[in-house]
Amino acid sequence: MKILENKVVCIILMAVLIAGGFLLGGYKGLAGQYQKAENVFFLGEDGDGICVANDMAECATSLTNMQTVAKKYLPKGDSALKSASASLNDYTQAEGDIRALFAANSRMDAAMAALYQALDDKALSTNDEKYRERLYADFNSRNDTISHDPYYKYAAEYNEILKHFPANVIAGLTPAKTAAFLSKS
């Protein structure tokens with residue numbers, strides 16, 4: 001082990017081990033902070049299921065039901081129906097990915113508005129018109145709830161941590177990612 005007797009090699013090896021430990025420990029700490037925000041997104045602040053993910057699932061249900069009503073009154077190839085199907089498919093495919101879920105929710109929002117508008121000039125039955133109004137109101141209410149969810153506080157705190165030293169260095173050298181926010185399209 002002649003190489004370990006060389007002072008320069010030992011210093012370099014020690015520096016590499018310290019840097020590696022710094023990065024690994026720092027990344028583990030950042031991952032724990034990110035996990036807190038992710039848990040609030042999927043489980044709720046108190047772990048009670050009152051969360052963004054649940055509200056998005058309810059939005060998807062409302063859109064599915066609006067699509068069912070719309071199929072009675074709109075032609076089969078209608079663009080609003082196609083948009084609703086595509087956005088619901090995007091939502092299903094996004095399972096577990098916060099960024100993809102936010103993007104899918106934005107597309108569902110546009111699809112719901114398009115279906116609502118497309119049915120506006122149709123002669124709906126009294127029950128279908130009431131149901132259409134209720135679905136649209138429920139959908140928008142869920143999106144309002146999403147926009148005020150505690151997840152955003154946790155995500156903002158985590159993203160703020162990433163802006164400062166040493167977290168910004170660690171995030172730049174590891175796969176740490178920023179927390180996602182809902183973007184309005």
Side-chain angles (χ1 to χ4, degrees), residues 33-160 162-163 176-185:
Q33 286 295 109
Y34 180 81
Q35 188 64 47
K36 284 181 189 176
E38 189 174 63
N39 286 344
V40 172
F41 183 93
F42 288 108
L43 303 172
E45 189 171 32
D46 299 323
D48 55 8
I50 299 172
C51 59
V52 175
N54 182 59
D55 289 327
M56 285 183 180
E58 292 297 327
C59 284
T61 299
S62 291
L63 179 58
T64 300
N65 291 339
M66 182 70 87
Q67 185 182 31
T68 300
V69 171
K71 284 179 181 178
K72 293 181 184 180
Y73 300 96
L74 299 176
K76 190 172 189 138
D78 186 82
S79 62
L81 284 171
K82 286 182 182 179
S83 176
S85 291
S87 67
L88 287 166
N89 186 54
D90 290 345
Y91 170 76
T92 302
Q93 297 299 314
E95 184 178 332
D97 181 344
I98 294 174
R99 287 186 200 299
L101 283 167
F102 275 135
N105 191 68
S106 292
R107 289 189 291 276
M108 286 193 304
D109 191 27
M112 176 61 99
L115 276 179
Y116 182 81
Q117 189 65 33
L119 291 172
D120 201 33
D121 62 347
K122 302 295 180 192
L124 275 63
S125 71
T126 304
N127 286 341
D128 284 346
E129 180 58 32
K130 286 179 187 175
Y131 193 44
R132 170 185 167 259
E133 293 293 332
R134 191 171 77 235
L135 288 171
Y136 192 65
D138 288 348
F139 185 92
N140 289 322
S141 176
R142 288 292 180 162
N143 272 331
D144 185 54
T145 302
I146 288 170
S147 72
H148 295 93
D149 195 87
Y151 163 78
Y152 294 106
K153 177 183 84 165
Y154 288 85
E157 288 171 0
Y158 170 74
N159 286 345
E160 187 63 30
L162 289 181
K163 292 180 183 177
K177 56 187 173 187
T178 58
F181 285 84
L182 179 65
S183 62
K184 286 293 180 182
S185 51

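Sequential numbering from 1 along the given sequence is applied to the chain's residues.
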Minimum-distance pair of heavy atoms, taken over all atoms of A180 and F102: O-CE1, 3.5 Å
Tell me if the CD atom of Q117 is crowded by more than 12 foreign heavy atoms within 6.0 Å. no
Nearest atoms (heavy-atom pairs only) where A37 meets A155: CB-N, 4.0 Å
If I take atom CG from residue L101 and atom CE from residue M108, how far apart are they, to the nearest 0.5 angstrom? 8.0 Å
May I ask you to say whether D78 pairs ionically with K71, meaning some side-chain N is under 4.0 Å from a carboxylate O? no
Distance, nearest 0.5 Å, that separates CG of L119 from OH of Y136: 11.5 Å
Going from CG on D97 to CD on E38, what distance comes out if it is rounded to the nearest 0.5 angstrom? 9.0 Å
Say you draw a straight line from CG of N105 to CD1 of I146; how long is it, rounded to the nearest 0.5 Å? 4.5 Å
With Y34 as partner, the option from N159, N39, I98 fulfilling side chain to side chain contact (heavy atoms under 4.5 Å, CB included) is I98
Check whether any side-chain heavy atom of K36 sits under 4.5 Å from a side-chain heavy atom of Y158, and report yes or no. no
Taking every heavy atom of C59 against every heavy atom of N143, the minimum-distance pair comes out as SG-OD1, 3.8 Å
Where is the tightest heavy-atom contact between Y73 and D128, given as atom of each residue plus distance? OH-OD2, 2.5 Å
Among S62, S83, S85, whose side-chain hydrogen bond (donor to acceptor under 3.5 Å, both in side chains) with Q67 holds? S85
Can you list the steps and then say if F181 with Y152 is a ring-ring contact (aromatic ring centres under 6.0 Å, His included)? CA-CA 7 Å; F181 285 84; Y152 294 106; 5.7 Å; yes
Side chain to side chain contact (heavy atoms under 4.5 Å, CB included) for D138 and E58? Distances and angles first, verdict last. CA-CA 9 Å; D138 288 348; E58 292 297 327; over 6 Å; no
Would you check, one step at a time, whether the test side chain to side chain contact (heavy atoms under 4.5 Å, CB included) holds for L124 with Y131? CA-CA 10 Å; L124 275 63; Y131 193 44; over 6 Å; no
Pair E45 + K153: basic N to acidic O under 4.0 Å: yes
Could you check if a side-chain atom of L135 sits within less than 4.5 angstrom of a side-chain atom of F139, using non-hydrogen atoms only? no
Between CZ on residue R132 and CZ on residue R134, distance to nearest 0.5 Å: 13.5 Å
Within this structure, what is the CG-CG distance for the pair L115 and L63, rounded to the nearest 0.5 Å? 6.0 Å
Quick one, V40 with D149, criterion side chain to side chain contact (heavy atoms under 4.5 Å, CB included). Give me CA distance, side-chain angles, the key distance, then yes/no. CA-CA 9 Å; V40 172; D149 195 87; 4.1 Å; yes
Nearest heavy atoms of A53 and F42, plus distance in Å: CB-CD2, 3.8 Å
What's the shortest heavy-atom distance between A80 and A118, and which atoms? CB-CB, 4.2 Å
Where the side chain of S141 meets the backbone of A137, is there a donor-acceptor pair that is under 3.5 Å apart? no
Side-chain ion pair, E133 and K130, N-O less than 4.0 Å: no
